Amino acid sequence: MEPKKVIEMCDICKNYYEGQENELKILHHINLTVNDGEFVALVGESGSGKSTMMNIMGALDRPSSGTYYLDGQNISTLKDEELSEIRNLHIGFVFQNFCMIPRVTALENVCVPLMYAGVGRAARKERAMELLEMMGMGERYSHKSNELSGGQNQRVAIARALANDPAIILADEPTGALDSKTGRLIMDIFHKLHKEQKKTIILITHSKELAAETQRQVTISDGRIISDVNSENYR
Amino acid sequence: MNFFENLRLAYECVRSNKMRSVLTMLGIIIGISSVITISTIGSTLRSTIENSIMDMTGANQIAFAYYPADWEAYDGSDFPQFTLEDLLKYREVFKSSVTTIHAMRNIPGNSVCVGKENNVKVQVIGCTEGYEDENKLTILRGRGVTIQDSLDHRNVAMVSDLFVKYALDNNNPIGQRVEITLESGDVLTVYVIGVYEYNASKISGFGGMKQAEKDIATPFVVPVQTVFDYYGLGSEDAGLDMAYAFLQPGTDANQVMEGTKNYFERKLPKDSNYILEVQSLEQQLGMINSVLNAVTVAISVIAAISLIVGGIGVMNIMLVSVVERTREIGIRKALGAKNRAIEMQFLVEAVLICVIGGIIGILLGLVNGGLVSVVAKYALSNSELFEGMTVTVSPPMGAIFISFIFSMVVGIVFGSYPAKRAARMSPIDALRYE
C-alpha cells in the first residue's frame, strides 16, 4: 500500500520584493514529499532558505509559485483566515525560543490552540492536562513561563503543539536554546512521539549530529534541495 | 472563540497591568464623572424647584393677563385690565370648573400699627379672594377676604396670628378695630374678620427674613376694593393686571385655558392689539425645566469633550500595547488565531477599559453630585431667602444610561484602530519581533 503523503511541495518558489529592482529569490523550484509517520530533518546553514521553507510548510506564508498540498489539501492559495485554521488543526509548532504566551500558566498556554479550535472550557482543560502529564509537566500546570526552566518550557510547548492532534509537528531548532543535556531530553521526546504515536515530525536544524539521529535528512543550500538521504541504520 | 473568552482574556490583561489600566481609565473616569456630576446637580435643582413650587401652590391653577399681540405695534398705552365685575362674571360663566379667582393689588412699603408694646409692621395686600388658598394658609379664626367684601366696600382684614399676638388683644380679635398707618402717612381703618397661621415658607415672596418674630412684617389682607378706594380709583380705572383661576380638581386645564382666552378676548374691541395670555403652572414648570435641561445638556456636552481626550488616551495605550505584545500576537496566529479573533481580543480589551472607567466615573459622579447637593442643602438652610426649600437629590437615570453607552462607544471607536493593526500583522514578522 502506498504510504499517505502528508506534505507534497511541487515546484515551490518564494521571491521577495517581486517585480522590483531588489527582487530576492529565496527558494528555487522546491519539490519535496513527506509521508505520514516520517521523521525528517531539514538541514541548512543560516541564509540557506530553510526558515522560509518552514514558514511555507507551516502555512505561515504562501509560496510565490508552485503548489503545496498539506494532508491532501492544496493550501498554497488559501486566504489568511483559512490558513489560520490550517495552522490550528493540522500543524503543531515547536520554536527555538519556546514562544510561550507570557502572563498565563502552562495549562492555559496548552489551552490556546484548543480555544481557537472552539473546544469548550472544561474539555480543553482536560485535554491540556492530559498532554502536560504526558510530557511529565502535570505538576507544574499552574506555573507561568518565567517560572519554568528552558527544558520545562519546551516540554509545555510540545504539549501545546500536540493539542489539536495535528498531521505534522514542525520543530524549528527546538534544542537551540537548551544545554546539551536538556536538549537530549527534548530529542528523546521527539523520538518517542515518532515511535510510539507515529507522529510526522519535521525537525529544522543546522546541526549535522541532530539531523543524523533522524530517519531522513533533507539538506538545503541557496534555496535548493541539494541532498535527500534516508538513514540506513535508523532504529 | 466566543465573546466571553475574549472578555476573560481582556480582564486578565487589564488585571495584570493594573497601574497602566487605571491611568488609561483616568481620562474616561474624569469625563464621565463630570457629566454625571453636572446632570445630578441639574436634576436635583429641577426636582427641588418643582417640589417647592408644587409645595407653595397647588398645581391646578391658571394665570391670565392681557398682552399686546404685536409688540412692534404697541403704542405705549396701558394694558387692558380686569375689573372686579369682569372677574365675577367670568367665575359665574365658568362656575363648573373655576372655584376661586385670585388677584392682588398691594400698597407698597411697610405699614405699621401701634401695638401693645411696639409698633407692629405689616404689608397691606389687597386681594379678591382665595389668598389663603393661594398660599395654603390655615385660617385659625373667622374667614378670609371675599369678592363680596370688595363689592360691598367693606373695611375688613384677615391678619396673621403674629399680628394678633403683638398688636391685639388675643382673646377675641374678630371684629376688633385696627388702625394702620401707611408709609404715606395716611391711616387705614379696618375691622378684623379672620386670623391665619403665619408660616414664612408658605407665603410666596415672604421668604422668612431671619428676624425676631415680632419684627416680621406679615401680610395684612384687605379686600382689593379697599386698595382701589385708597388710591381714589373710580370703577373705570380700578382694575387688575393679572388674575389666577383655581380649578376644580380633575378639571382639564387646557380646556379652561382656551375658554378663558376666548371669553376675555371677546370683551376687547375688534381692532384691539391685545390678546389674552393664559398659562398654567404646569406650563411654567415646563419652561423652567426646559431651560434647566438645556443648560445641563450644554454643560454635559462640554464635559463629554473630555471623554474624547480620554478616548485618545485609550487609543494611545492600546497602540503601545499592540506593539508590546507583537510576539504574543505572532504566537497566537501561529497557534491558529484568526485575524478576527486577534481584532476582537484587543477591541474587547479597549471597551473593557472604557466601561470599567465609565462605571467608576458614574459612581464618582453620583458621589460628587450628591456632595454638591448636600452642600447646597446646607447653604440653603442657612440662607434667609430660600428657607423652607427642600433639596431633593435625584440621580439622573437617563444620563447614567447614556454615559455608560457612551463610554462603550468611546472604547469601540478608539479601540478599533489599534485592534485592526494587531489583526493585520503578518504572523512571520510578529513571531520574529524582538
Side-chain angles (χ1 to χ4, degrees), chain A residues 14 16 26 51-62 78-105 108-121 124 144-145 157 159-164 166 170 172, chain B residues 1-21 317 320-349 352-353 419-434:
Chain A
K14 181 67 186 178
Y16 286 111
I26 306 293
S51 291
T52 307
M53 196 154 154
M54 185 202 113
N55 288 342
I56 292 172
M57 238 182 223
L60 289 164
D61 205 354
R62 285 186 207 87
L78 292 184
K79 295 193 198 78
D80 279 357
E81 302 286 276
E82 294 163 322
L83 284 182
S84 296
E85 209 171 300
I86 295 289
R87 289 195 295 269
N88 185 228
L89 299 174
H90 299 275
I91 299 161
F93 287 97
V94 179
F95 298 97
Q96 178 175 2
N97 47 12
F98 326 128
C99 282
M100 288 287 126
I101 294 174
R103 300 188 314 272
V104 304
T105 64
E108 283 172 273
N109 256 295
V110 180
C111 282
V112 170
L114 294 162
M115 177 180 80
Y116 289 124
V119 178
R121 221 165 131 65
R124 67 177 184 244
K144 289 178 184 168
S145 166
R160 188 177 65 183
L162 292 169
N164 284 324
L170 265 183
D172 184 10
Chain B
M1 188 69 189
N2 63 30
F3 175 75
F4 290 101
E5 304 282 5
N6 277 314
L7 199 62
R8 209 172 46 84
L9 278 180
Y11 173 70
E12 289 294 330
C13 220
V14 169
R15 217 188 50 172
S16 61
N17 275 317
K18 270 195 209 81
M19 187 63 183
R20 193 168 81 180
S21 301
I317 290 295
V320 170
S321 173
V322 166
V323 172
E324 231 180 46
R325 283 148 68 189
T326 300
R327 257 176 73 82
E328 181 189 327
I329 294 166
I331 297 166
R332 286 185 183 278
K333 285 197 161 186
L335 296 179
K338 292 183 177 157
N339 290 357
R340 270 182 53 81
I342 300 288
E343 189 177 339
M344 276 306 281
Q345 183 188 339
F346 281 90
L347 190 60
V348 167
E349 192 175 319
L352 185 72
I353 287 176
K420 279 218 162 59
R421 265 180 72 152
R424 276 206 300 262
M425 278 185 183
S426 135
I428 307 167
D429 296 342
L431 270 173
R432 302 244 178 279
Y433 185 86
E434 290 299 323

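Just so it is clear, the model here is predicted, and its values are computed rather than measured. Proteins come first, then strands; the chains are lettered A, B, ... in the order of their sequence lines, and each starts at number 1.
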Close side-chain approach of B/E12 to A/R103, heavy-atom, < 4.5 Å: no
Side chain proximity check, B/R327 to A/P102, heavy atoms < 4.5 angstrom: no
Identify the heavy atoms of [X] and [Y] that sit nearest to each other, and give their distance.
{"X": "B/G336", "Y": "A/N88", "answer": "CA-CB, 3.5 Å"}
{"X": "A/Y116", "Y": "B/A341", "answer": "CE2-CB, 3.9 Å"}
{"X": "B/N339", "Y": "A/D80", "answer": "ND2-OD2, 3.7 Å"}
{"X": "B/A334", "Y": "A/F95", "answer": "CB-CZ, 4.1 Å"}

So how far is it from [X] [atom1] to [Y] [atom2], rounded to the nearest 0.5 Å?
{"X": "A/N97", "Y": "B/I331", "atom1": "CG", "atom2": "CD1", "answer": "7.5 Å"}
{"X": "A/S84", "Y": "B/R340", "atom1": "OG", "atom2": "CZ", "answer": "12.0 Å"}
{"X": "A/M115", "Y": "B/R8", "atom1": "CE", "atom2": "CZ", "answer": "7.5 Å"}
{"X": "A/S51", "Y": "B/L431", "atom1": "OG", "atom2": "CG", "answer": "11.5 Å"}

B/Y11 atom OH: more than 12 heavy-atom contacts under 6.0 Å: no
Max heavy-atom pair count under 4.5 Å with chain A, selected residue of B/S426, B/S16, B/A337, B/P427: B/A337
Below 4.5 Å from any heavy atom of chain B, which atoms of [X] appear? Answer side chain, backbone, both or neither.
{"X": "A/E82", "value": "neither"}
{"X": "A/D61", "value": "both"}
{"X": "A/N164", "value": "neither"}

For chain B, the option from A/V104, A/V112, A/I101, A/V119 that forms the most heavy-atom pairs under 4.5 Å: A/I101
Interchain contact, [X] with chain A, by part (heavy-atom threshold 4.5 Å):
{"X": "B/R15", "value": "neither"}
{"X": "B/R325", "value": "side chain"}
{"X": "B/R424", "value": "neither"}

